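A short worksheet on the structure shown next.
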Number of protein chains: 2
Amino acid sequence: MATIKDVARLAGVSVSTVSRVINDNGYVNAETRKNVINAMENLGFRPSNIARGLVSGKTYTIGLVIPDISNPFFPDIARGVEDEAIANNYNVILCNSDWKVERETMYLSLLIEKRCEGVVLVGSHSEESDLLKVIGKMPFVSVDREMVHAGHSVWVDNEFGAYTATKHLYEEGYKRVVHISGPPSVRSANARLSGYKKAVREFNYHEPQIIESDFRTSGGYESALKVLEQQGDSRPDAIFAGNDLMAIGVIQACEKIGIKGGVDLGIVGFDGIGSSAYTSPSLTTIFQPGYEMGRRACHLLLDEIVNPGKRRIKEVFNFELLVRASTKWIK
Amino acid sequence: MATIKDVARLAGVSVSTVSRVINDNGYVNAETRKNVINAMENLGFRPSNIARGLVSGKTYTIGLVIPDISNPFFPDIARGVEDEAIANNYNVILCNSDWKVERETMYLSLLIEKRCEGVVLVGSHSEESDLLKVIGKMPFVSVDREMVHAGHSVWVDNEFGAYTATKHLYEEGYKRVVHISGPPSVRSANARLSGYKKAVREFNYHEPQIIESDFRTSGGYESALKVLEQQGDSRPDAIFAGNDLMAIGVIQACEKIGIKGGVDLGIVGFDGIGSSAYTSPSLTTIFQPGYEMGRRACHLLLDEIVNPGKRRIKEVFNFELLVRASTKWIK
DNA sequence: TTGTAGGCGTTATCAA
DNA sequence: TTGATAACGCCTACAA
């Protein structure tokens, strides 16, 4: 690949002149400029951003550490981050952490060595102190989790969302709501659990009843089967699932054992993934504005990079309760 | 950020010695090594891969240019690519092209300037000759499209898949199959259209009937409404949609006008996205192994990078017809 | 076993 | 208006 030197030689000028026309700064004779541009084209010259980065300290690259891009809640966030990044001439390195602390750490290290200028951290799973240790002074924005001591944060109020979801069930007339929770190691799962408990206590129809699962469709399915095999008074008439994937599992369980979602069993999910609208019954859920959160997180990050400040920003996005058929007695 | 020089100074050795312990090559006294390591830790030293890249010519970074990560068919591919990449110590830069030639070109240019070692190009939309011009001699692998003149390619036989889908409808007893096609500018859309036509001609129950749409749920919905308002003999009893998103739109249209998917109208999609299993009726579709294709594409790319050969590899992956409720007369 | 020096592709500072 | 030249952070001969 041709270098600036090759171009200079071919154009019969010095490298500094070539550099000037590349960056369009400083004086350069119109004629010379033409020659240089010709030379560049003839050689198929493309400046090396890595060499540039070495001298400028800028790589125009940020990292995106996200649990799993193939999990339907995350692509929207990723798209938001990338859209905002490219609009500012930045690229995004995609990292799937699988909610694993070691993977998160490994990626963060790599990103630092690559001299990424910052990172958007989604659903981080590590202890904050450990995180700050590896992340050093690289700017970052946390999505879906509030960071206490550093960085900006962007999230929705999971507890209040879960509270709202559960409350909605009671208000629709369901009397006994079970919660299928996500893994306790995931923060948002715990927050949702709290919100559920709060609503249960407030209405006080029954004790909280929780079954721990894994945020996956299969987990929701099996948990629902377990819950629904109970007979008598302790049998729930509604399930609040910790996320939409598990809620879809619940719907499948209903089909399996031949009861009608919505009618025989109220179901609410969380996230508002696209397919929640297409299930049968369609799924009532708490929608999180993933795209906007990603976009905003990236904006905050780039802002911080350009203009590193002392201030720390925390933004709580509004969720939205999407009422659909899975919480309608009659449909 | 501390440099190798700082480390050298603190450890009281030369930079080359530090370099030796970093890369664990050449002789270095056990004692010295310990000192150096200490110094590195004290300073929080992290080697700059961009400086390294400048001298070694390796960036351990590849690009992934994909139409839209928030479109449910693509995250699996992306995950496959990233998994294979990270297993080989490579990072992936995510680029959303939105099927736009200019965006594709813009990203490719950026990736070259960043000295990415290669790129996985998904669903590329550009003329091959234009593509090769911008891509220069950067290794690449094309997914979901066969490249004629350069690079490796990985795809499924869209035409045969569409043929299989359509044929399945006839064999299930449907008599008149309409095709809602994707945008004609997208290659796979055209291939699927061909496959449809082939099956129609083979069974010869009726003329091909095509309505052009946009690969989106809303497009499928509107197209289906248009198709279904026909009365009489020309009214179809089945629809083969160019992808699952449009097929989901078709299902919604059925609901809207009160006919039963599967029974009153056979429906087949294409792609096998996750949510196709959760619709009502569940969607018969042609499944593409996205994760495996992504993984394989990345493998081929890294192989090409390490061992640039003259040979060009083309791999056609098998699709799978998933028969579900949307093509069952009785259910 | 360790150090010196040149170079990787650019940009930026000075002179000319 | 142009050209040397010294960085940028690291690696790799080559010497010592």
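Just so you know, these numbers come straight off a predicted model, no measurement behind them. Labels below follow one simple rule: chain letters A, B, ... track the order of the sequence lines, proteins then strands, and each chain is numbered from 1.
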### Query
Hey, does B:Thr32 reach any base, or is it just sugar-phosphate, or nothing, if we go heavy atoms under 4.0 Å?
sugar-phosphate
### Task
Report the residue (B:Val28 or B:Arg115) whose heavy-atom-nearest nucleotide on DNA chain C is the more 5′ of the two.
B:Val28
### Message
If you compare every side-chain N and O of A:Ser56 against the phosphate oxygens of C:dT11 (OP1, OP2), does one of them come in below 4.0 Å?
### Response
no
### Task
Take the protein atom CE of A:Met1 and the nucleotide atom C1' of C:dC8, then report the distance between them rounded to whole Å.
15 Å
### Query
Phosphate oxygens OP1/OP2 of C:dG3: is one of them under 4.0 Å from a side-chain N or O of B:Ser14?
yes
### Message
Looking at B:Arg52, I'd like to know whether one of its side-chain N or O atoms comes within less than 4.0 Å of OP1 or OP2 on D:dC11.
### Response
yes
### Query
Across the strands shown, which category fits B:Val18 at heavy-atom distances under 4.0 angstrom: base, sugar-phosphate, nothing?
nothing
### Query
Between C:dT11 atom C1' and A:Asn49 atom CG, what is the distance in whole Å?
13 Å
### Message
With a 6.0 Å cut-off (strictly less than), is the heavy-atom count around CZ of B:Arg216, excluding the residue itself, greater than 12?
### Response
no
### Query
Hey, are A:Arg145 and A:Ser124 close enough side-chain-wise for a donor-acceptor pair under 3.5 Å?
yes
### Query
Can you tell me how far C1' of D:dC10 sits from CZ of B:Arg9, to the nearest Å?
15 Å
### Task
Indicate yes or no: does B:Arg79 engage B:Asp76 in a salt bridge with an N to O separation below 4.0 Å.
no
### Task
Please determine, for the side chain of B:Ala51, which listed nucleotide (C:dT11, D:dG9, C:dT2) has the closest atom?
D:dG9
### C:dG3 phosphate, OP1 or OP2, under 4.0 Å from B:Thr17 side-chain N/O
yes
### Query
Is the number of heavy atoms from other residues, nucleotides or ligands within 6.0 Å of NZ (B:Lys314) greater than 12?
yes
### Task
Measure from CD1 on A:Ile22 to P on C:dT10 and round the result to the nearest Å.
6 Å
### Query
From C:dT11, C:dG9, C:dA12, pick the nucleotide closest to the side chain of A:Asn25?
C:dA12
### Message
Counting distance alone, no hydrogens or angles: does the base of D:dG9 have a donor or acceptor under 3.5 Å from a partner atom on the side chain of B:Arg46?
### Response
no
### Query
Can you find a side-chain donor-acceptor pair between B:Glu304 and B:His152 that sits under 3.5 Å?
yes
### For atom CD of B:Glu113 and atom C1' of C:dT11, their distance in whole Å
15 Å
### Message
Is B:Asn23 close enough to D:dC11 that one of its side-chain N or O atoms is under 4.0 Å from OP1 or OP2 there?
### Response
yes
### Query
Of all the choices, C:dT10, D:dT12, C:dT2, which nucleotide is nearest to the side chain of B:Ser19 once you look at every atom?
D:dT12
### Query
Starting at the 5' end of DNA chain D, which residue's closest nucleotide do you reach first, B:Ser16 or B:Leu54?
B:Leu54
### Message
Whole angstroms only, please: what is the CZ-P distance between A:Arg20 and D:dG3?
### Response
8 Å
#### Entry: Spacing of B:Tyr27 atom OH relative to C:dG3 atom P, expressed in whole Å
17 Å
### Under 3.5 Å side-chain donor-acceptor pair for B:Ser126 and B:Glu104
yes
### Query
Under 4.0 Å between a side-chain N/O of A:Lys5 and OP1 or OP2 of C:dC8, yes or no?
yes
### Protein-nucleotide distance (B:Lys114, atom NZ; C:dG9, atom P), rounded to Å
19 Å
### Query
Between B:Arg33 and A:Ile4, which is nearer to the 5' end of DNA chain C once each is assigned its nearest nucleotide?
B:Arg33
